[in-house]
Amino acid sequence: MTPSPSEQGDTMPNPPADSILPTMPATAGGVSFSFHLPPALQQAVSGAWPLWAGPKGRMARLWAGDATLWSGHDEKQWLGWLEAPEAEQAKLQAYDALRDKTHHEGITDVVLLGMGGSSLGPEVLGQLFEVRPADATGPWPRLHVLDTTDPATVARVGKQLDYPHTLFVYSSKSGGTLEPSVLFDCFWDEAGKALGAQKRPQHFIAVTDPGSGLEKRAHELGFSAVYLGNPGIGGRYSVLSPFGMVPASACGLNIRAILESAAAMERACRPASLPEGEMVAGPLMLGLAMGLAVTGPGRDKITIQASPALQAVGPWLEQLFAESTGKDGTGLLPFEGEEPGTPDVYSDDRFFITLRLKSEKPDQRLVALAKAGHPVVDVVLEDLSAIGGAFYGFEMATAVAGSVLGINAFDQPDVEFSKVETRKIMAAHGTSGGAESEAPFCVDGPLSFHAQGALKAHLAKRGQQPQNAAAALGALLELCGGRDYFGLLSYIDRTDTHAAWNQHVRQGVRDALKVATAAEFGPRYLHSTGQAYKGGPNTGVFLQVTADGPSMPIPGRPYELGMVENAQAQGDLDVLNARGRRALRVHVTGSLEKGLAALAQAMQAALKGN
Ligand SMILES: O=P(O)(O)OC[C@H]1O[C@H](O)[C@H](O)[C@@H](O)[C@@H]1O
């Protein structure tokens with residue numbers, strides 16, 4: 001599998017000279033995969049390959065829908081994504097018509113209301129519009145992805161909108177997801193005020209699966225269009241279906257090239273393309289390498305390093321890996337967005353995936369990691385449209401890794417638990433406007449700290465209660481080390497400033513404790529990495545951040561948006577605690593910016609004390 005130097009990127013080290021893997025033409029659909037694996041892992045992949053290739057191999061069984069490749073349950077009914085690129089190519093005329101309509105009507109902003117698989121794929125495509133090739137003609141609508149119940153975010157985005165030139169895409173496979181449903185109530189009401197009841201429905205379209213409550217409601221309300229998905233495709237595998245293609249087309253993206261790239265990758269992954277003796281498919285190798293890295297040396301922290309042009313792919317991949325495999329106490333645990341560091345800040349639990357455009361040089365820091373013996377898979381896209389092949393390739397790799405781990409790669413059992421807890425909390429508190437957690441064990445200025453479960457037990461064992469913020473955080477951080485990871489779960493407005501704050505805090509933890517770190521926003525992560533945090537191995541140590549938010553009523557509902565967000569935070573914390581996870585909640589009162597500054601300072605002090 002020695003890729004040619006042109007496929008390899010300029011300076012990645014060659015696979016070891018004693019590589020036993022045969023040569024592999026690694027490129028399909030404009031995507032190439034170069035593998036830099038430690039010899040033992042390379043050998044394991046090589047040993048597994050013959051089981052997967054050939055007319056009777058596992059890849060042939062995968063295409064035939066053999067559920068015993070995973071857990072032997074309902075997997076067969078979730079394989080609609082395998083042939084999605086071609087199914088979408090057949091609908092190009094309808095997508096062109098949508099693109100022309102929004103252009104003709106002078107739409108400047110497309111607002112997508114959806115969660116998880118219904119929002120993260122469109123967000124990637126939305127980012128590609130920002131770096132649209134120079135020869136594309138515009139003007140093109142901007143895409144705003146709203147996947148939250150944070151009232152500050154909703155108010156901020158709402159203020160930017162010019163309703164006569166805005167199109168709302170209400171996107172939900174099930175049609176019953178809480179967040180888009182409350183967001184819809186808010187924006188339907190606002191649009192009514194701005195446009196009048198008659199014009200309003202023209203500014204809404206729905207994407208949903210056939211027979212959902214949303215399909216019915218959209219027809220009743222007279223939405224301008226309803227696009228139906230394939231119920232045989234789960235949310236996180238849905239980007240190459242109407243859930244990705246509708247918002248992309250509404251924003252003017254020419255999706256032809258994206259689908260061509262995906263279809264080429266689909267062909268490369270078909271069993272007929274996988275002769276027994278030759279390693280010809282990057283996705284299959286990636287899936288085997290990731291799965292075997294977990295079951296073998298325990299490198300379960302899949303660290304995604306996307307280049308600046310492809311940043312938004314990270315959160316999409318996180319959902320794909322975490323929800324598909326983070327269950328039954330195992331999983332590929334994804335970490336995206338960490339600033340690459342020198343080899344000494346990483347433990348031997350890491351597996352790196354780098355992702356870049358061919359025009360971007362490999363990051364030297366990642367090259368150093370490969371040289372230091374970490375597994376690094378360099379995924380290079382010929383151009384932006386090769387994102388289609390990359391989507392497909394990662395989906396296939398995930399399905400393969402899921403098989404290696406022996407789990408059902410198509411369900412998300414632990415996501416549901418948080419939803420149940422949230423519903424319980426909302427029912428219990430009705431219109432009272434807030435969920436209450438355990439009384440704080442420590443209050444320091446604007447910061448109050450709450451502990452239940454494992455952390456509460458740890459505090460009791462330690463004896464003296466922490467007296468200030470640094471000590472409270474220290475009590476959590478002293479539990480984090482070895483092969484653990486740290487998750488910062490912030491239920492605050494997802495602005496650039498707050499994203500930078502999240503980054504600053506997680507980076508400090510990574511460098512001091514040498515553990516993998518995640519920086520997530522709630523409730524968005526509940527539909528993504530949240531599955532692995534609750535269902536994967538009990539190696540996560542979590543800091544949940546909540547804050548006072550602005551008051552925002554939801555038309556027609558007896559509660560405010562902030563109450564939904566609080567109930568989601570508390571519901572998730574309850575499940576993390578019930579699963580024995582080490583978790584601390586800090587609530588910021590008053591000015592959020594001052595509170596976050598105080599929290600960052602206290603974190604620094606706590607890390608120094610460690
Ligand atoms: O598209 P929807 O039915 O609204 O679902 C949105 C998301 O919700 C759930 O939490 C699932 O865990 C996700 O996989 C899914 O993408």
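As the structure lists them, so they are numbered: ligands from 1, and atoms in each ligand from 1. Sequence positions, counted from 1, serve as the residue numbers for this chain. Keep in mind that this is a model prediction, so the values were computed, not measured. Heavy atoms only: backbone and side chains are in, while hydrogens, waters and symmetry mates are out.
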**Request:** Could you find the nearest protein heavy atom to atom 11 (C) of ligand 1 and give me its residue, atom name and distance?
**Result:** Glu323 OE2, 3.6 Å
**Complete:** The closest protein heavy-atom partner of atom 6 (C) of ligand 1 is Met115 O, 3.3 Å
**Fill in**
Checking heavy atoms under 4.0 Å, the part of Lys173 that sits near ligand 1 is both
Which ligand 1 atoms does [X] reach within 4.0 Å, using its non-hydrogen atoms?
X	value
Gly116	16 (O)
Gln319	13 (C), 14 (O), 16 (O)
Val415	10 (O), 12 (O)
His527	7 (C), 8 (O), 9 (C), 10 (O)

**Request:** Give a yes or no on whether a salt bridge exists between Lys327 and Asp411, defined as a side-chain N under 4.0 angstrom from a carboxylate O.
**Result:** yes
**Message:** Between Asp66 and Arg61, does any side-chain N to carboxylate O distance fall below 4.0 Å?
**Reply:** yes
**Item:** Polar side chain donor-acceptor pair, Ser324 to Arg236, under 3.5 angstrom
**Value:** yes
**Request:** Establish, from distance only, whether the side-chain atoms of Ser241 and Asn230 form a donor-acceptor pair under 3.5 Å.
**Result:** no
**Item:** Donor-acceptor under 3.5 Å (Arg581 side chain, Tyr533 main chain)
**Value:** yes
**Asked** Taking Asn577 for the side chain and Leu573 for the main chain, is one N or O donor matched with an acceptor at less than 3.5 Å?
**Response** yes
**Prompt:** Is Arg579 close enough and on-axis enough to Phe417, meaning under 6.0 Å and within 45°, for cation-pi?
**Reply:** yes
**Request:** Only heavy atoms count here, so choose which of Ser119, Ser118, Gly117 is nearest to atom 1 (O) of ligand 1.
**Result:** Ser118
**Message:** So for Gln531, does at least one of its heavy atoms come nearer than 4.0 angstrom to any atom of ligand 1?
**Reply:** no
**Request:** May I ask you to check whether Thr177 has an N/O atom sitting below 3.5 Å from an N/O atom of ligand 1?
**Result:** yes
